[in-house]
Amino acid sequence: QVQLVESGGGLVQAGGSLRLSCAASARTFSTYDIGWFRQALGKEREFVAGINRSGGNTAYSDSVKGRFTISRDNAKNTVDLQMSSLKPDDTAVYYCAAAYGTGPRIRLSERLDWGQGTQVTVSS
C-alpha cells in the first residue's frame with residue numbers, strides 16, 4: 001500500500017498556472033504507475049493524467065492534453081502535475097492515485113491507493 005499526499009492547490013485566475021505535487025511514502029514507489037484524477041462538485045471522478053513507473057510513458061485526457069504536464073522524480077518519491085492555461089472548468093478537487101501494472105492510462109476500476117485531494121479553483 002502507498003500513502004500519498006497532494007499539495008499545491010489553490011485559487012488562480014483563468015489563464016493562469018498551478019503546479020500540484022504528490023508525495024509518496026512507499027520505498028517501492030518506483031514500481032507504481034501514478035495518476036492524477038479530479039472530481040468537480042456534483043460530477044464523477046475522472047482521469048486527468050498518468051505516468052508509468054519509469055516516467056517514460058504518459059497519458060492525458062483530451063480535456064487537458066496540451067495544457068497539463070505530468071512528471072515524476074523517483075529519487076524524491078514525487079509526481080507533479082504542471083497545469084497551464086487553466087479554465088474555470090478545471091475547478092475540482094485533484095487526487096493522485098497509485099496503481100500497479102496498469103500503465104499510464106489508469107482506470108477508476110483498478111485497485112488504487114488514493115491521496116486526500118487538493119482543491120483547485122479557477123476564477124473567470
Side-chain angles (χ1 to χ4, degrees):
Q1 187 174 2
V2 183
Q3 294 188 346
L4 304 167
V5 178
E6 301 94 337
S7 61
L11 174 65
V12 64
Q13 288 189 333
S17 299
L18 275 178
R19 189 176 185 91
L20 306 183
S21 186
C22 174
S25 63
R27 294 175 62 186
T28 55
F29 174 74
S30 64
T31 66
Y32 289 88
D33 303 306
I34 303 293
W36 282 96
F37 294 76
R38 67 186 181 188
Q39 188 165 18
L41 194 63
K43 296 187 177 180
E44 294 184 351
R45 193 169 297 190
E46 63 176 358
F47 172 81
V48 174
I51 190 165
N52 74 329
R53 57 186 183 178
S54 70
N57 289 309
T58 58
Y60 298 90
S61 68
D62 289 343
S63 61
V64 307
K65 194 175 297 182
R67 299 188 298 122
F68 291 10
T69 302
I70 189 170
S71 61
R72 71 187 293 163
D73 185 337
N74 284 342
K76 296 181 179 179
N77 279 16
T78 57
V79 173
D80 289 349
L81 185 68
Q82 177 66 46
M83 306 186 295
S84 302
S85 302
L86 283 161
K87 306 173 182 179
D89 285 349
D90 295 318
T91 295
V93 178
Y94 283 71
Y95 301 88
C96 65
Y100 191 77
T102 64
R105 191 166 294 279
I106 300 170
R107 296 181 177 86
L108 283 166
S109 58
E110 303 285 351
R111 186 212 173 277
L112 302 174
D113 292 321
W114 293 96
Q116 85 289 349
T118 185
Q119 176 71 46
V120 171
T121 303
V122 184
S123 63
S124 58

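In this structure R111 satisfies the salt bridge (charged side-chain N to carboxylate O under 4.0 Å, His left out) test together with D113, sequence neighbours excluded. With sequence neighbours left out, R19 forms a salt bridge (charged side-chain N to carboxylate O under 4.0 Å, His left out) with D80. With sequence neighbours left out, the salt bridge (charged side-chain N to carboxylate O under 4.0 Å, His left out) criterion links K65 to D62. In terms of the side-chain hydrogen bond (donor to acceptor under 3.5 Å, both in side chains) criterion, residue partners of Q119 (sequence neighbours excluded) are, by chain and number, T121. Looking at residues two or more places apart in sequence or on another chain, you find a side-chain hydrogen bond (donor to acceptor under 3.5 Å, both in side chains) between S61 and S63. Judged as a side-chain hydrogen bond (donor to acceptor under 3.5 Å, both in side chains), and not counting sequence neighbours, N57 has no contacts. Considering only residues two or more places apart in sequence or on other chains, N52 meets the side-chain hydrogen bond (donor to acceptor under 3.5 Å, both in side chains) condition with S54.
Within the 3.5 Å criterion, the main-chain N or O of A97 finds no donor-acceptor partner in the side chain of Y32. Counting only distance, with no hydrogens or angles, the side chain of R105 and the backbone of Y60 share a donor-acceptor pair below 3.5 Å. N74 contributes no side-chain N or O that, together with a main-chain N or O of F29, makes up a donor-acceptor pair within less than 3.5 Å.
The two residues G8 and L18 come nearest to each other via the heavy atoms O-CD2, 3.8 Å. Nearest heavy-atom pair, L4 versus A24, reported as atom, atom and distance to 0.1 Å: CD2-CB, 3.6 Å. Residue L112 comes nearest to A99 through the heavy atom pair CD2-CB, 3.4 Å, listed as atom of the first residue, atom of the second, then distance.
Below 30°, between 30° and 60°, or above 60°: for Y94 and F68 the angle between ring planes is between 30° and 60°, a tilted geometry.
For the pair F37 and I106, the minimum side-chain heavy-atom distance is below 4.5 Å.
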Side-chain donor-acceptor distances from residues 85-93 under 3.5 Å, at least two apart:
unit_1	atom_1	unit_2	atom_2	d
D90	OD1	R38	NH1	2.9
D90	OD1	R67	NH2	3.0
D90	OD2	R67	NH1	2.8
D90	OD2	R67	NH2	3.4
D90	OD2	K87	N	2.8
T91	OG1	P88	O	3.0
T91	OG1	V122	N	2.9
T91	OG1	V122	O	3.4

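Side-chain heavy atoms closer than 4.5 Å link hydrophobic residues (I, L, V, M, F, W, Y) into clusters, and following such links, possibly through other members, connects L81 to V64. Hydrophobic clustering keeps F47 apart from L20 (ILVMFWY residues linked when any side-chain heavy atoms are closer than 4.5 Å, directly or through intermediates). Cluster annotation: I51 and V2 are assigned to the same hydrophobic cluster (Ile/Leu/Val/Met/Phe/Trp/Tyr, side-chain heavy-atom contacts under 4.5 Å, transitive). There is no path of hydrophobic side-chain contacts, each under 4.5 Å, that joins V5 to V79. Hydrophobic clustering (ILVMFWY, side-chain heavy atoms < 4.5 Å, transitive): V120 and V48 are in one cluster.
The disulfide (SG to SG under 2.5 Å) analysis of residues 58-90, with sequence neighbours excluded, yields no pairs. Listed by first and then second residue, the disulfide (SG to SG under 2.5 Å) pairs involving residues 18-121 are C22-C96 (not counting sequence neighbours). For residues 41-71, there are no disulfide (SG to SG under 2.5 Å) pairs, not counting sequence neighbours.
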Exercise for review: Evaluate side chain to side chain contact (heavy atoms under 4.5 Å, CB included) for M83 paired with W36, printing each intermediate quantity in order.
Suggested key: CA-CA 12 Å; M83 306 186 295; W36 282 96; over 6 Å; no
| request: May I have the step-by-step check of side chain to side chain contact (heavy atoms under 4.5 Å, CB included) for R53 and S30, ending in yes or no? | output: CA-CA 5 Å; R53 57 186 183 178; S30 64; 5.8 Å; no
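In this structure, OG1 on T58 lies 7.5 Å from CD1 on I70, to the nearest 0.5 angstrom. One distance of note links OG of S71 with CD1 of I34; it measures 12.0 Å at 0.5 Å rounding.
Enclosure of atom CD in Q3 is not indicated, since only 12 or fewer non-hydrogen atoms of other residues, nucleotides or ligands lie within 6.0 angstrom.
Using a 4.5 Å cut-off between side-chain heavy atoms of Ile, Leu, Val, Met, Phe, Trp and Tyr, L11 forms no hydrophobic cluster with any other residue.
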